[in-house]
Amino acid sequence: MRLERTSHALLGLGRVALRRDDPEAALAWLRQAHELDATHAEVTVTLARTLDELGRRDEARRFELRVPTRHPRRFFRDPVMLRALAETVSYLGLIEQADRAVAAGYPQDAVAFLDRVIRAEATNADARVRKGRVLAGMRRYDDAIAEYRRALALAPTFGLARGLEGACLAAIGRAEEAERALREGVEIDPANTETRHLLADFLAGRGETTEAIEILVQILREAPDQVPSRLLLARLLLRTGDRAGAREHVDAALREAPFDRSAIALAGRIGR
């Protein structure tokens with residue numbers, strides 16, 4: 001199988017070189033990996049350790065300081081492992097493999113895993129919503145809408161399903177239906193943060209800034225760790241001329257997610 005040139009692949013080659021007691025070769029691979037993706041925390045950690053092993057402690061320390069205290073796990077794009085794990089038969093195992101397939105860039109595999117769950121348990125509304133998300137990510141909006149509607153038919157209190165349907169309707173230009181679906185989703189489950197965020201995002205796109213801001217402020221009052229809502233609120237505040245307020249929310253978002261590219265870009269746009 002041809003090796004794909006990614007930071008994951010180069011990190012793997014670096015680790016192999018370390019296992020062979022060849023830190024110089026490892027360093028060469030790791031520097032290439034870092035050049036491809038400077039935000040890949042596992043690469044930065046391994047690079048720092050390799051430099052330290054080579055006695056280049058000042059340089060190692062500079063890389064150590066770039067590693068966030070909290071960072072998301074990365075998934076290696078490994079089609080062989082994904083295919084092997086496709087034999088998993090438990091519900092939780094199939095859901096996990098669907099998540100891994102999406103993270104690794106194989107949405108078709110994720111759909112196949114979720115279809116196996118649905119065939120085994122046709123009344124599983126959660127699996128249908130998960131499948132709808134994957135289909136929406138592939139821009140198969142009509143198929144996603146169908147899955148969300150099936151989920152809501154199975155679980156009428158699943159407001160998020162209606163909200164996600166609304167987001168798909170908005171994506172294909174059916175604005176009136178989208179707004180109705182989003183508001184119904186919030187009405188069905190008023191406590192769901194994601195559904196309310198989807199409504200705020202839709203309203204912001206239509207220029208209804210005041211209501212969108214009100215929704216986002218309420219979300220963050222209840223769930224201050226919601227980075228997407230903070231960033232959306234920051235953009236809307238910037239739109240209204242409140243640069244200081246926008247900066248405050250961007251800074252809060254960066255404290256939660258230091259390597260979030262949207263937050264970093266928005267911080268640069270706002271300035272000090």
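The residues of the chain are indexed from 1 along the displayed sequence.
- If you take CG on D201 and CG on L203, they are separated by 9.0 Å, rounding to the nearest 0.5 Å.
- Listed for the S229 side chain is no donor-acceptor partner under 3.5 Å among the backbone atoms of Q226.
- Tested against R183 for a salt bridge (Lys or Arg N to Asp or Glu O under 4.0 Å), the candidates E211, E176, E177, E165 yield a single pass: E211.
- No side-chain heavy atom of S7 sits less than 4.5 Å from a side-chain heavy atom of Q32.
- A salt bridge between R62 and D58 is absent, with no side-chain N of the basic residue lying under 4.0 Å from a carboxylate O of the acidic one.
- Residues T6 and L36 form no side-chain contact, since every pair of their non-hydrogen atoms from C-beta on lies 4.5 Å or further apart.
- In this structure, L135 and V111 have side chains that are in contact, with non-hydrogen atoms separated by less than 4.5 Å.
- Salt-bridge check for R196 with E222: passed, with a basic side-chain N closer than 4.0 Å to an acidic carboxylate O.
- Between I118 and K131, some side-chain heavy-atom pair lies under the 4.5 Å cut-off.
- Looking at R31 and L51, their side chains come closer than 4.5 Å, going by heavy atoms from C-beta outward.
- Salt bridge E96/R130: absent, no basic N to carboxylate O contact under 4.0 Å.
- Side-chain atoms of T39 and D37 form a donor-acceptor pair, as typed in the model, at a separation below 3.5 Å.
- Within the 4.5 Å cutoff, the side chain of V129 has no heavy atoms near those of the E147 side chain.
- Side-chain N or O atoms of R239 include one that pairs as donor or acceptor with a backbone N or O of A204 at under 3.5 Å.
- R61 places none of its side-chain heavy atoms less than 4.5 Å from the side chain of D52.
- Counting only distance, with no hydrogens or angles, the side chain of R162 and the backbone of L182 share no donor-acceptor pair below 3.5 Å.
- Taking 4.5 Å as the limit, every side-chain heavy atom of F113 sits out of range of all side-chain heavy atoms of R100.
- In this structure, T46 OG1 and L10 CG are separated by 12.0 Å, a value rounded to the nearest 0.5 Å.
- Residue E187 places its CD atom among 12 or fewer non-hydrogen atoms of other residues, nucleotides or ligands, all under 6.0 Å distant.
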